[in-house]
Protein chains: 2
Amino acid sequence: MKKRATAQEVAQLAGVSKWTVIRAFTPGASITEVSRAKVMAAAEQMNYRPNLLARSLATRSTRQVAVFVDDFANPYKLQLIEATTAALQAEGLVALLVNINEHLDHVHAILNADQRQVDAVVLLGTSFREETLADSRLRDGGPPLFVLARDSQLAGIPAVSCDSAVAMEDICRHLAARGFGRPGFMSGPRTLSTALGRHRHFRDHWASRGIEVAELQASPYSHAAGAAAMRAYLAANPPGARIDVLVCENDILAHGALDVLRHEAGLSVPSDMAVVGFDDAAPSALPGYDLTTYRQPVGRMVETLVDMLSGRRPHDTIVLRGELVLRSSA
Amino acid sequence: MKKRATAQEVAQLAGVSKWTVIRAFTPGASITEVSRAKVMAAAEQMNYRPNLLARSLATRSTRQVAVFVDDFANPYKLQLIEATTAALQAEGLVALLVNINEHLDHVHAILNADQRQVDAVVLLGTSFREETLADSRLRDGGPPLFVLARDSQLAGIPAVSCDSAVAMEDICRHLAARGFGRPGFMSGPRTLSTALGRHRHFRDHWASRGIEVAELQASPYSHAAGAAAMRAYLAANPPGARIDVLVCENDILAHGALDVLRHEAGLSVPSDMAVVGFDDAAPSALPGYDLTTYRQPVGRMVETLVDMLSGRRPHDTIVLRGELVLRSSA
DNA sequence: TCCTTGTTTGCACCCGGTAGCAAATGGAGC
DNA sequence: GCTCCATTTGCTACCGGGTGCAAACAAGGA
């Protein structure tokens with residue numbers, strides 16, 4: 001368990017100065033092949049590799065990005081995390097995963113990440129409140145903030161998300177073609193729901209045809225909350241007076257609703273009630289759900305985000321078009 | 001977007017030396033209340049907070065732990081990630097989430113984490129090969145390695161996991177009490193399965209009663225693989241010659257098996273075939289599965305791990321007892 | 001051969017803190 | 001007022017590399 005070798009020590013072994021060693025490890029640096037070979041041989045022998053901490057201090061860039069996640073109840077988050085970390089790593093960046101559960105203060109977490117000098121902070125569809133981001137301490141010399149997979153309603157904080165206006169248009173076009181005419185919408189926690197904009201676009205679309213949308217409210221975004229909202233709806237509305245299609249703000253709510261319809265109420269989907277989700281979370285494709293849903297373009301979203309982080313693209317809010325995934329539930 | 005303030009600058013404003021500023025931010029340091037107040041006022045005004053990068057360089061401790069994850073197909077990973085990050089953060093540590101997909105070299109990833117001077121590396125039930133960990137470059141001055149939620153068969157690399165011998169004993173006792181007598185076991189990829197030890201203990205248990213266990217092999221650990229293995233089994237074995245209970249190496253395989261039994265083969269669970277999983281992943285509790293499974297003591301596992309990381313406990317391999325969760329599938 | 005030009009190499013200083021020692025300060029006891 | 005001892009404060013050296021400039025060196029042209 002011996003100490004790590006430093007550039008200085010390698011230099012001594014190779015018979016050069018430490019700066020030559022550093023140059024040997026700096027792509028594109030001015031150094032002869034002979035010197036580089038000498039250095040590399042010595043480095044190999046001493047098992048040397050540059051200390052990125054020291055480099056970060058000197059270059060003022062850690063190539064670390066803090067990724068904030070608060071909602072672990074939704075398996076879709078795992079897909080987002082995977083895509084995000086993969087995209088970051090492909091760019092030579094690494095993700096600092098920060099767990100923002102309800103007990104922790106978001107501002108505190110951001111400040112802490114800031115102290116670690118991360119190059120950026122990515123909010124992964126988290127339930128933070130907009131106001132916390134407006135905190136002056138954050139807007140002053142701190143790392144740039146980005147929001148992924150939901151809107152940022154705050155100027156100066158770019159968001160990369162799925163275009164919910166187009167998504168709802170696609171969904172409604174499909175529902176109309178299938179002849180559905182008594183729509184319902186299950187939304188999540190009020191503030192977060194607003195940030196997604198899905199509810200609003202859906203409602204507006206039907207309103208333009210003079211049809212009112214029944215409202216089901218679930219909170220938080222979890223299977224249990226979706227199930228509870230559906231139970232409440234079924235209890236309050238007799239069979240003849242029910243909606244014929246329910247669009248849910250995301251798949252996890254739809255799963256809860258579906259399980260109540262099928263396993264508790266003994267209703268059949270889509271004939272008694274059709275269900276549509278949003279996200280195309282992995283379980284939606286399984287035979288147990290077979291949920292018609294809207295797939296977010298996760299790959300392109302994280303690529304766009306990384307392009308912004310890397311400076312290849314201006315820091316602007318971007319919405320990308322997703323894709324309707326037709327299955328048996330609607 | 002002005003530059004971050006440094007201790008030196010705060011010192012100037014407060015009319016003290018930079019070391020006094022640092023002392024004001026060091027708990028338990030020797031400093032008068034008067035000085036501390038002066039420093040704090042100046043720091044507040046300049047929005048100063050210590051640069052942890054510089055601190056890490058000087059103290060040789062980053063309080064960062066690399067967490068390696070390779071298998072994102074299993075939603076249970078999300079629960080493990082949440083528990084791990086929460087426990088680390090409670091200790092003032094932060095997780096560097098490293099995505100080790102099959103395209104990336106594990107050794108390379110560990111060396112990269114090493115360059116970032118992480119205090120430790122935690123392998124989160126990943127499908128790494130034991131040999132890669134034996135690489136000499138890793139065992140030499142690098143950060144300590146830990147394995148979570150699976151065995152480490154390598155001396156010097158401690159693991160914290162669920163006691164699979166006891167687990168299988170608990171499961172088999174339950175199955176015997178329910179009168180099951182024709183057992184099957186669905187294991188995952190061979191090398192990883194070995195690392196879990198579940199298959200072996202299950203087989204040994206029945207062997208001691210003179211009963212042979214039917215073997216179903218699924219690879220990788222995914223819903224689709226579990227489903228495929230079940231399809232193959234049903235195709236190869238006519239109804240009269242089938243097992244009456246299947247124990248799966250983890251829940252995700254059990255979910256696949258269950259979906260095929262119920263939705264494709266039209267069989268009923270547990271009367272035609274009972275199914276037992278392992279992990280108690282979130283979906284197992286849902287009505288769509290209602291899977292009898294074995295819950296790993298995740299909370300105690302991560303606490304134990306963090307105790308080791310913090311030096312409150314020797315770096316030893318530890319197995320903890322989990323708990324059988326009875327549901328309708330068995 | 002000498003001078004010019006371009007490339008390598010070495011150097012002082014810097015990134016923003018920490019450690020440990022030495023000097024300065026302050027209060028108690030005489 | 002003075003000494004003594006305990007705090008408090010300042011300082012040097014250092015963590016391990018990076019930057020920009022100057023010196024050293026090599027190659028090409030006259």
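To find a chain, count down the sequence lines: A is the first, B the second, and so on, and within it residues start at 1.
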Length of the CZ-C1' vector between B:Arg36 and D:dT9, whole Å: 14 Å
Counting only side-chain N and O atoms of B:Thr32, is one of them less than 4.0 Å from OP1 or OP2 of D:dT9? yes
Contact class for B:Ile31 vs. all strands (heavy atom < 4.0 Å): base, sugar-phosphate, or nothing? sugar-phosphate
Using whole Å, what does the distance between atom P of nucleotide C:dC15 and atom CD of A:Gln117 come to? 14 Å
Nearest whole Å is fine: how far is D:dG17 P from B:Arg116 CZ? 14 Å
Would you check if B:Ile31 and B:Thr26 make a side-chain contact, meaning some heavy-atom pair closer than 4.5 Å? no
Counting the atoms with a prime plus P, OP1 and OP2 as sugar-phosphate, which does B:Tyr48 contact under 4.0 Å by heavy atoms, base, sugar-phosphate, or nothing? sugar-phosphate
Using a 4.0 Å heavy-atom cut-off across all strands, classify A:Arg60 as base, sugar-phosphate, or nothing. sugar-phosphate
Considering every strand and a 4.0 Å limit on heavy-atom distances, what is the contact class for A:Ser35: base, sugar-phosphate, or nothing? sugar-phosphate
Comparing B:Leu53 and B:Arg23 on DNA chain C - which has the more 5′ nearest nucleotide: B:Leu53
Under-4.0 Å side-chain N/O to phosphate OP1/OP2 contact, A:Thr59 with C:dC15: no
For the pair made of CG in B:Asn51 and C1' in C:dG16, what is the distance, rounded to whole Å? 6 Å
For B:Ile22, report the nucleic acid contact type (base, sugar-phosphate, nothing); a contact means any heavy atom under 4.0 Å. base
Sugar-phosphate, base or nothing in reach of B:Ser30, heavy atoms under 4.0 Å: base
Atom CD of B:Gln8 to atom C1' of D:dT12: distance rounded to whole Å? 14 Å
